[in-house]
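Take a look at the structure below.
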Amino acid sequence: MDTRQLRTLLAIQAHGTFALAADVVNLTPSAVSQQIQALEDELQVTVFDRSTRPPRLTPAGLQVTEMARDILRREEDTKASLRGDQIAGTLMLGSVRSSALNLLPRAMVEMRSRYPDLKSSLRVSLSANLIADVAAGRLDAAIVAEHVGFPNALRWSPFLREPLWLIAPEGTVGDDPISMLNSLPYIRFRSAVPLANLIDAEISRLGVVTHDVAEIDTIGSIVTCVRQGLGVSIVPHVALQEPEDIDLVRLPFGKPQINRQIGIVERTVSPRGEIIARLHAILAELCGPYGVDRT
């Protein structure tokens, strides 16, 4: 299989037409059509439905484009490895939708600044999907919360261990978190993520009966609602980084105060181990006093 054909295929997908792709790969439209026809002949599938204008990828064609991305990435990584350049190629990353996600783009920008030959690609999804994709090699690493039952072939290394806080609107009177949770309107974090389960489990353990006024599935929206006076809630430290959060009442949640952890999951044997270790170090640095060194 000619990798030039694969690059042409991806150029067509990215730019929409054979003619625009031809300009990108420096070929004539006729040569682009010949490359795609040769690829279809070799694979014995129809990659494009030519009855439409412009031609559209068939279901088989979508599979071929995924294969093409993987092959070209592996080719790039192999060349980097043979050159002895360990911090090059493309790093395929995933992340959960988390209040800690704002750290990752900053870390990726820092990685790009330090290692200009390194490219990166980020996908946001659910933790179970990300863990499966790391195990299968579709992702090099993913940012996920502490999780039960990582496969043996994977390792999880925390870079953030942060406290949880009971937050209340500015001017709220009270210094006992349990009394406040029992008596004040409560905004519940309702989401299928470990953090929500951690909060609910501690509330139950403390014997608290909350008076729920809202159920919200994003931490950022919860902080906004508390800021506007809707009620009290529980959030991780990383969610309280905006200047307007300074005036919120903030009390430790849990006895003792509960912490949550976010880390990187990767394969135990990975050609990207050195790059992932450097990414981990940058993330831990960005977390300040709550950063955790890689072990």
Indicate the atoms forming the closest heavy-atom contact of [X] with [Y], along with that distance.
| X | Y | result |
| --- | --- | --- |
| S95 | L104 | CB-CD2, 3.8 Å |
| P169 | G231 | CD-O, 3.5 Å |
| G171 | V249 | N-CG2, 4.3 Å |
| R250 | D245 | NH2-O, 4.0 Å |
| L279 | A107 | CD1-CB, 3.9 Å |
| N182 | G207 | OD1-O, 4.5 Å |

Do [X] and [Y] have side chains that approach each other closer than 4.5 Å (heavy atoms only, starting at C-beta)?
| X | Y | result |
| --- | --- | --- |
| H15 | V24 | yes |
| Q261 | L160 | no |
| L93 | L139 | no |
| L9 | V47 | yes |
| L206 | F253 | yes |
| L57 | Q13 | yes |
| L184 | T172 | yes |
| V193 | V96 | no |

Taking [X] for its side chain and [Y] for its backbone only, find out whether a donor-acceptor pair lies under 3.5 Å.
| X | Y | answer |
| --- | --- | --- |
| S183 | S179 | yes |
| S120 | L91 | no |
| S204 | A201 | no |
| E162 | V238 | yes |
| H211 | L181 | no |
| R267 | V134 | yes |
| R260 | E146 | no |
| S113 | V109 | no |
| T52 | P54 | yes |
| T28 | A31 | yes |

Roughly how far, to the nearest 0.5 Å, is [atom2] of [Y] from [atom1] of [X]?
| X | Y | atom1 | atom2 | value |
| --- | --- | --- | --- | --- |
| I199 | E202 | CD1 | CD | 10.5 Å |
| H280 | E266 | NE2 | CD | 8.5 Å |
| Q34 | T8 | CD | OG1 | 11.5 Å |
| F48 | I36 | CZ | CD1 | 5.5 Å |
| D200 | T210 | CG | OG1 | 8.5 Å |
| L283 | M111 | CG | CE | 9.0 Å |

Using the rule that two of Ile, Leu, Val, Met, Phe, Trp, Tyr join whenever any of their side-chain heavy atoms come within less than 4.5 Å, decide whether [X] and [Y] are in one cluster.
| X | Y | result |
| --- | --- | --- |
| V292 | I143 | no |
| V25 | L10 | yes |
| L126 | V144 | no |

Using 30° and 60° as the class boundaries, would you call the ring planes of F150 and W156 parallel, tilted or perpendicular? parallel
Residue pairs fulfilling salt bridge (Lys or Arg N to Asp or Glu O under 4.0 Å) with at least one residue in residues 24-46, sequence neighbours excluded: E40-R50
Does R278 come within less than 4.0 Å of E274, counting only side-chain N to carboxylate O? yes
Charged N to carboxylate O below 4.0 Å: is that the case for R294 and E285? no
The test is side chain to side chain contact (heavy atoms under 4.5 Å, CB included); show your working for V45 and T58 and say whether it passes. CA-CA 9 Å; V45 298; T58 64; over 6 Å; no
Distance-only polar pair, side chains of S221 and T218, donor-acceptor under 3.5 Å: yes
Does a donor on one side chain sit under 3.5 Å from an acceptor on the other, for R188 and S233? no
Applying side-chain hydrogen bond (donor to acceptor under 3.5 Å, both in side chains), name anything that partners R123, two or more places apart in sequence or on another chain. D133
side-chain hydrogen bond (donor to acceptor under 3.5 Å, both in side chains) partners of S51, counting only residues at least two apart: D49
Against I187, only a single residue in V232, I222, V223 fulfils side-chain contact (heavy atoms from CB on, under 4.5 Å); can you say which? I222
Does the pair S157 and T295 meet the rule for a side chain to side chain contact (heavy atoms under 4.5 Å, CB included), with working shown? CA-CA 7 Å; S157 306; T295 58; 5.8 Å; no
Determine, step by step, whether L6 and L39 satisfy the side chain to side chain contact (heavy atoms under 4.5 Å, CB included) criterion, reporting the C-alpha distance in whole Å, the side-chain angles of both residues, the deciding distance to 0.1 Å, and the verdict. CA-CA 8 Å; L6 302 182; L39 181 63; 4.1 Å; yes
Tell me, with the steps shown, if L164 and L198 meet side chain to side chain contact (heavy atoms under 4.5 Å, CB included). CA-CA 10 Å; L164 301 188; L198 180 66; 4.1 Å; yes
With a cut-off of 6.0 Å (strictly less than), are more than 12 heavy atoms of other residues, nucleotides or ligands near CZ of R4? no
